[in-house]
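For reference, the structure is listed below as structure tokens.
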Amino acid sequence: AQKVTQAQTEISVVEKEDVTLDCVYETRDTTYYLFWYKQPPSGELVFLIRRNSFDEQNEISGRYSWNFQKSTSSFNFTITASQVVDSAVYFCALTHTGTASKLTFGTGTRLQVTL
Amino acid sequence: EAQVTQNPRYLITVTGKKLTVTCSQNMNHEYMSWYRQDPGLGLRQIYYSMNVEVTDKGDVPEGYKVSRKEKRNFPLILESPSPNQTSLYFCASSILGTGTGTEAFFGQGTRLTVV
């Protein structure tokens, strides 16, 4: 069985602070994909990143960066110099490779960025 | 514009009154899914479809039906809604199953309240 744990239910930061959202996963599969999605207050789900289990390279995209560590089964997401527009619920998700068509989501972390 | 469209966005109904939430995608995607989002539980898959006339249960299929008569449409049917089906529903589509690492595109969500 697969499981994704986002232990941080809610985080509040002041604008320009850096913040890391944790994601820990469990799977028996040796190959899998991990995703991050953003859900802004308007409610839609926005794809942020995908990472496959063979690729442990960290990734940076502007103020966003992702740290994938297979040894600790973690795929953490850092926002540098946070902005009010980053306020949203962030979901980490996992799927095993193959014909699977199911994302197993974590419970989400609500990030509140204030001025 | 590539998109997944759900209707209605908001719905309040009474227990036992059959309803259908429509989902349509214009990207010629093969895979479509329905998820429900509940506080503290993240998103959970209800049903998915690998192609026309091919559907299968997800993690929480009880009380729901789906059909896939056309590639672009994947309606969610609640034959006899109950209050425990009050939730935020998302339709998603992807070119292939997410097990290939394909990004899933989500609709805007349908907030359903059953009284």
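Keep in mind that the numbers below use all heavy atoms, side chains included, and drop hydrogens, waters and symmetry copies. Numbered from 1 within each chain, the chains take letters A, B, ... in sequence-line order.
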* **Atom group of A/Ser42 that falls short of 4.5 Å from chain B, counting heavy atoms** => backbone

* To do: Return yes when atom CG of B/Leu41 has more than 12 non-hydrogen atoms of other residues, nucleotides or ligands closer than 6.0 Å, and no otherwise.
  => yes

* Cluster check B/Phe90, A/Leu48: I/L/V/M/F/W/Y, side chain < 4.5 angstrom -> no

* For chain B, find its close neighbours in residues 49-82 of chain A: heavy-atom separation under 4.5 Å, sorted by number, or none. => A/Arg50

* To do: Work out which heavy atom in A/Leu103 is nearest to a heavy atom in B/Phe106; give both atom names and the distance.
  => CD1-CZ, 4.2 Å

* Asked: Do the side chains of A/Leu34 and A/Val24 join up, straight or via other hydrophobic residues, at under 4.5 Å, putting them in one cluster?
  -> no

* Atom group of B/Gln108 that falls short of 4.5 Å from chain A, counting heavy atoms -> backbone

* Can you name the closest pair of heavy atoms from B/Gln37 and A/Phe91 and give their distance? -> NE2-CZ, 3.4 Å

* In terms of hydrophobic clusters joined by side-chain contacts under 4.5 Å, are B/Val114 and B/Trp34 together? -> yes

* Asked: Are B/Tyr35 and B/Phe105 connected in a single hydrophobic cluster, I mean Ile/Leu/Val/Met/Phe/Trp/Tyr linked by side-chain heavy atoms less than 4.5 Å apart?
  -> no

* Heavy-atom neighbours of A/Lys38 NZ exceed 12 at 6.0 Å -> yes

* So what's closer than 4.5 Å to chain B heavy atoms on A/Tyr33: side chain, backbone, both or neither? -> side chain

* If you draw a 6.0 Å radius around CZ in B/Arg44, do more than 12 non-hydrogen atoms from other residues or ligands fall strictly inside? -> yes

* Calculate, to the nearest 0.5 Å, the distance between atoms CG and NZ belonging to B/Asp56 and A/Lys102 respectively. => 11.0 Å

* Which bit of A/Gln39 is near chain B, if near means a heavy-atom gap under 4.5 Å: side chain, backbone, both or neither? -> side chain

* Asked: Side chain, backbone, both or neither: which part of B/Leu43 has a heavy atom under 4.5 Å from chain A?
  -> both

* Asked: Do B/Leu11 and B/Leu78 belong together in a cluster built from hydrophobic side chains that touch within less than 4.5 Å?
  -> yes

* Contacting moiety of B/Thr102, where chain A heavy atoms sit under 4.5 Å -> backbone

* Distance-minimising heavy-atom pair for A/Phe35 and B/Glu103 -> CE2-CA, 4.5 Å

* Below 4.5 Å from any heavy atom of chain B, which atoms of A/Tyr37 appear? Answer side chain, backbone, both or neither. => side chain

* Asked: By a 4.5 Å heavy-atom criterion (distance strictly below it), what part of B/Ala104 contacts chain A: side chain, backbone, both, or neither?
  -> both

